[in-house]
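The structure appears below as structure tokens.
Numbered from 1 within each chain, the chains take letters A, B, ... in sequence-line order. This one's a predicted model, so the numbers in the text were calculated from it and none came from an experiment.
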Amino acid sequence: MSPKLNPQQLAAVKTIDHPLLVLAGAGSGKTRVITEKIAYLVRQGTPARHIAAVTFTNKAAREMKSRVSKLLDDKQSRGLRVSTFHSLGLDILRAEYKTLEYKSSISLFDEQDRLSLLKNLVSHGIKDCEEDQIDQYNWQIGQWKNAFVTPKQALHLPDAALHAPARLYEAYTRSLKAYNAVDFDDLILLPVLLFQQHAPVLEKWQNRIRYLLVDEYQDTNITQYQLVKLLAGNLGRFTVVGDDDQSIYAWRGAQPENLSQLQKDFGRLQVIKLEQNYRSAGRILKVANHLIANNPHTFEKKLWSELGFGDPLRVLSHKNDIAEAKQIVAEIVHHRFKTGGSYGDYAILYRGNHQSRLFEKELRENNVPYFISGSASFFSHAEIKDVLAYLRLLVNPGDDAAFLRVINTPRREIGPTTLEKLGAYANERHISLFDACSEFGLQQRISEKSTQRLHKFCELITDTAREVETGDTFKTIHRLIDQIHYPSWLQENSKTPAAAERRMKNVLELVEWLERIAVKDGSSDDGDAGASATHAAGAGKSLAEVIAKVMLLDILDRNQEEQAGDQVSLMTLHAAKGLEFPHVFMIGMEENLLPHQNSIETDNIEEERRLAYVGITRAQRTLTFSYCTHRKRYGEMSECEPSRFLAELPEEDLEWANKKQLAPEEVKQRGKANLANLKAMLG
DNA sequence: TTATCCAAGATTTTT
DNA sequence: TCTTGGATAA
């Protein structure tokens with residue numbers, strides 16, 4: 001059996017009559033506390049169906065589920081809700097769409113859908129909005145949604161510069177509603193609005209979720225905190241677990257202040273600190289503590305461990321990024337051979353996804369198995385977006401984003417001119433593009449031929465949708481893919497036949513995946529991130545339900561389960577949060593990379609430092625930093641400075657390899673200079 | 001309406 | 001360097 005909980009962990013598990021904040025340092029067993037607590041609650045008599053645990057990533061949710069299943073049997077954990085915030089929000093929306101005056105089968109807009117809708121609105125003339133400001137507006141709208149600011153409130157903000165985006169925000173919200181669609185942010189925002197405005201609905205959910213556990217609480221934004229607060233109600237039956245030093249999502253609206261806010265909002269709040277680390281060698285923790293001490297703190301915390309002090313941390317320097325990749329891959333190969341370990345013991349961590357490229361190449365050339373987490377999402381593939389758009393349209397013809405994506409894919413000879421007219425018409429009549437197609441008024445504006453083509457397309461969708469409802473859904477989907485000649489379209493539009501084949505395989509994999517999720521009923525598996533109370537056992541899921549769920553996931557998420565094997569892990573520092581590896585390489589320890597240039601410019605070094613802290617605390621036994629003196633940027637060679645963070649680490653714990661490149665004193669000197677520069681800049 | 005070419009801009013991090 | 005989008009030609 002697993003080792004005993006330490007006194008603090010035990011206290012955290014057993015505190016169930018007070019709202020509880022657990023400040024859990026890296027590697028202090030926070031997931032264990034949450035899972036043990038779920039088991040404890042169940043054993044104390046709270047039925048699992050009244051317990052909900054929310055996380056931020058699918059990966060974390062999956063991990064938690066699998067660990068709970070080791071503590072409780074199927075019967076005990078029946079109805080337990082372990083899901084991401086967004087997935088919980090989706091469940092709420094799907095159950096309560098009527099109250100929000102939505103129709104069933106809501107479409108979920110992804111980031112691209114959202115952007116193209118905004119573009120469309122601006123081009124159709126929202127007052128004062130300028131086309132080249134779209135990204136700015138989009139960002140602002142996101143900020144508002146994260147901060148629980150409604151369009152109405154945004155419109156009343158005094159800052160005149162915000163009037164244009166506020167008007168766009170309002171129009172955008174109206175459009176989404178008209179399309180029967182929501183975006184990612186709405187999955188949190190709408191439930192909060194719903195709960196605020198409809199007390200009986202809130203009560204129903206408070207009764208359903210009688211104990212709430214929140215993982216990575218420091219990553220919650222204002223809206224998410226509202227949701228937590230509403231669900232927890234006055235009784236405050238919740239446990240949140242977080243670590244302000246690992247707050248690395250402020251750019252996404254996360255409010256680490258939510259940690260201290262909790263004390264203000266819940267007077268009975270208890271706070272428990274977990275400081276014993278079960279992951280890393282003492283020296284790694286010493287270095288991590290040393291680095292993070294450069295940040296201001298509201299909660300003091302110092303990690304320690306009983307796992308021995310360990311080797312010094314190494315710092316490698318390279319003449320360029322190619323050399324960096326070559327040497328580190330060579331080291332991994334050598335080290336693994338020497339120690340007889342597994343490739344799965346090694347992780348290469350970096351700031352930006354693009355940094356993986358050279359390493360990938362090098363690993364491939366050396367026949368080293370590797371696994372990249374997070375890079376290009378499965379859903380960024382055009383073929384996946386296409387097929388999903390078809391399915392979205394089948395389920396919700398009002399989904400204009402989906403309509404636009406597939407109306408001319410594969411080619412149906414419906415071009416921008418026709419669509420422009422169609423769009424204008426739909427806009428005037430306040431109807432969806434799909435509905436506009438069959439309106440008589442449209443025929444007077446566009447050519448006979450175009451009308452026919454549009455009609456033909458609509459017919460295809462309508463007929464297929466009918467078939468989906470009455471017949472075998474997935475047979476129909478396969479038929480549709482065939483009917484539109486998608487395979488040959490791929491062949492014509494891929495660079496190589498092999499690429500076409502691969503893309504077709506993706507499509508088939510997607511459909512198979514959807515099918516699995518549809519058949520599977522709910523609670524415990526990878527695809528479905530939350531047991532849904534909305535349908536009975538054995539019922540299977542509607543296509544709409546499956547699609548919405550799937551958009552919150554990623555096929556990569558699923559593959560990560562198979563990742564466990566003998567493979568080197570490559571991922572961003574963000575993606576590494578929550579993971580651990582015996583041997584960690586943090587590459588690209590350079591100014592403008594870590595800390596990232598944008599963060600330097602916006603004076604947000606603290607979050608970058610936390611990012612470095614997260615990276616360091618992933619390591620169990622050895623940790624190696626590396627930096628280059630030159631690196632190719634945008635295809636051009638440029639000079640690099642070692643990261644200021646290297647200069648912040650205790651020198652006695654570092655070992656400088658390849659000293660010929662740059663003496664440590666010099667690195668320190670430069671690091672200090674960088675620091676001084678920054679201070680000067682801040683005045 | 002579609003295909004092709006060229007220029008410009010991108011590389012932070014994600015549900 | 002690679003991708004994307006716009007302009008232009010067919």
Between protein and nucleic acid, restricted to nucleotides 7-10 of chain C and to nitrogen or oxygen atoms under 3.5 Å apart, what atom pairs and distances do you find?
none

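- If you check every strand for non-hydrogen atoms under 4.0 Å, A:E111 touches a base.
- With sequence neighbours excluded, the residues satisfying side-chain contact (heavy atoms from CB on, under 4.5 Å) with A:H485 are A:S488.
- The P atoms of C:dT4 and B:dT13 are separated by 15 Å, rounded to the nearest whole Å.
- Residue contacts shown for A:F85 are absent, as no nucleic acid heavy atom lies under 4.0 Å away.
- Look at A:R610 and A:E607 and you find a salt bridge, because one of the NZ, NE, NH1 or NH2 atoms lies within 4.0 Å of a carboxylate O, short of that distance.
- The aromatic ring of A:W251 stacks onto the base of B:dT13, its centre lying under 5.5 Å from the centre of the six-membered base ring with the two planes under 30° apart.
- Heavy-atom distances to DNA chain B give each of A:T602 and A:T57 a nearest nucleotide, and the one nearer the 5′ end belongs to A:T602.
- Protein atom OH of A:Y249 is 7 Å distant from nucleotide atom P of B:dT15, rounded to whole Å.
- To the nearest angstrom, P of B:dT13 lies 18 Å from CZ of A:R610.
- Atom-to-atom, CD of A:E601 to C1' of B:dT11 comes out at 13 Å; the value is rounded to the nearest Å.
- Side-chain N or O atoms of A:R453 include one that pairs as donor or acceptor with a backbone N or O of A:E413 at under 3.5 Å.
- Legend: residues meeting side chain to side chain donor-acceptor pair (under 3.5 Å) with A:E63, ordered by chain and number and at least two apart, are A:R67.
- When the salt bridge (charged side-chain N to carboxylate O under 4.0 Å, His left out) test is applied to A:R633, no partner is found at least two apart in sequence or on another chain.
- Dashed line: the shortest gap from a side-chain N or O of A:N353 to OP1 or OP2 of B:dT13 is under 4.0 Å.
- Whole-Å rounding puts the A:Q224 CD to B:dT14 P distance at 15 Å.
- At whole-Å resolution of the value, CD1 in A:I372 and P in B:dT14 are 13 Å apart.
- Here the nucleotide nearest the side chain of A:H574, chosen from B:dT14, B:dT15, B:dT11, is B:dT14.
- When the side-chain contact (heavy atoms from CB on, under 4.5 Å) test is applied to A:N396, the partners found at least two apart in sequence or on another chain are A:S107, A:N180, A:D399.
- A salt bridge links A:R609 to A:E648: at least one charged side-chain nitrogen sits closer than 4.0 Å to a carboxylate oxygen.
- Rounding to whole angstrom units, CD1 of residue A:I134 and C1' of C:dG5 are separated by 14 Å.
- With rounding to whole Å, A:L573 atom CG is found 18 Å from B:dT11 atom P.
- For A:N598, the side-chain contact (heavy atoms from CB on, under 4.5 Å) test picks out A:H596, A:E601, with sequence neighbours left out.
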Donor-acceptor list for residues 220-231 of chain A side chains, cut-off 3.5 Å, not counting sequence neighbours:
{"unit_1": "A:T220", "atom_1": "OG1", "unit_2": "A:Y217", "atom_2": "O", "d": "2.8"}
{"unit_1": "A:T220", "atom_1": "OG1", "unit_2": "A:N258", "atom_2": "ND2", "d": "2.9"}
{"unit_1": "A:N221", "atom_1": "OD1", "unit_2": "A:T223", "atom_2": "N", "d": "3.0"}
{"unit_1": "A:N221", "atom_1": "OD1", "unit_2": "A:Q224", "atom_2": "N", "d": "2.7"}
{"unit_1": "A:N221", "atom_1": "ND2", "unit_2": "A:Q224", "atom_2": "OE1", "d": "3.4"}
{"unit_1": "A:T223", "atom_1": "OG1", "unit_2": "A:K145", "atom_2": "O", "d": "2.7"}
{"unit_1": "A:T223", "atom_1": "OG1", "unit_2": "A:N146", "atom_2": "O", "d": "2.8"}
{"unit_1": "A:T223", "atom_1": "OG1", "unit_2": "A:F148", "atom_2": "N", "d": "3.0"}
{"unit_1": "A:Q224", "atom_1": "OE1", "unit_2": "A:N221", "atom_2": "N", "d": "2.8"}
{"unit_1": "A:Y225", "atom_1": "OH", "unit_2": "A:D265", "atom_2": "OD2", "d": "2.7"}
{"unit_1": "A:K229", "atom_1": "NZ", "unit_2": "A:D265", "atom_2": "OD2", "d": "3.2"}

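- The distance between atom CG of A:D186 and atom P of B:dT15, rounded to the nearest whole Å, is 17 Å.
- Scored by the side-chain contact (heavy atoms from CB on, under 4.5 Å) test, A:T173 finds A:P151, A:Y169 as partners (sequence neighbours excluded).
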Heteroatom pairs (N/O) under 3.5 angstrom, protein to nucleotides 1-10 of chain B:
{"unit_1": "B:dT1", "atom_1": "OP1", "unit_2": "A:G415", "atom_2": "N", "d": "3.3"}
{"unit_1": "B:dT1", "atom_1": "OP1", "unit_2": "A:T418", "atom_2": "OG1", "d": "2.8"}
{"unit_1": "B:dT1", "atom_1": "OP2", "unit_2": "A:T417", "atom_2": "OG1", "d": "2.6"}
{"unit_1": "B:dT2", "atom_1": "OP1", "unit_2": "A:E413", "atom_2": "N", "d": "3.3"}
{"unit_1": "B:dT2", "atom_1": "OP2", "unit_2": "A:N408", "atom_2": "ND2", "d": "3.2"}
{"unit_1": "B:dA3", "atom_1": "OP2", "unit_2": "A:R411", "atom_2": "NH1", "d": "3.3"}

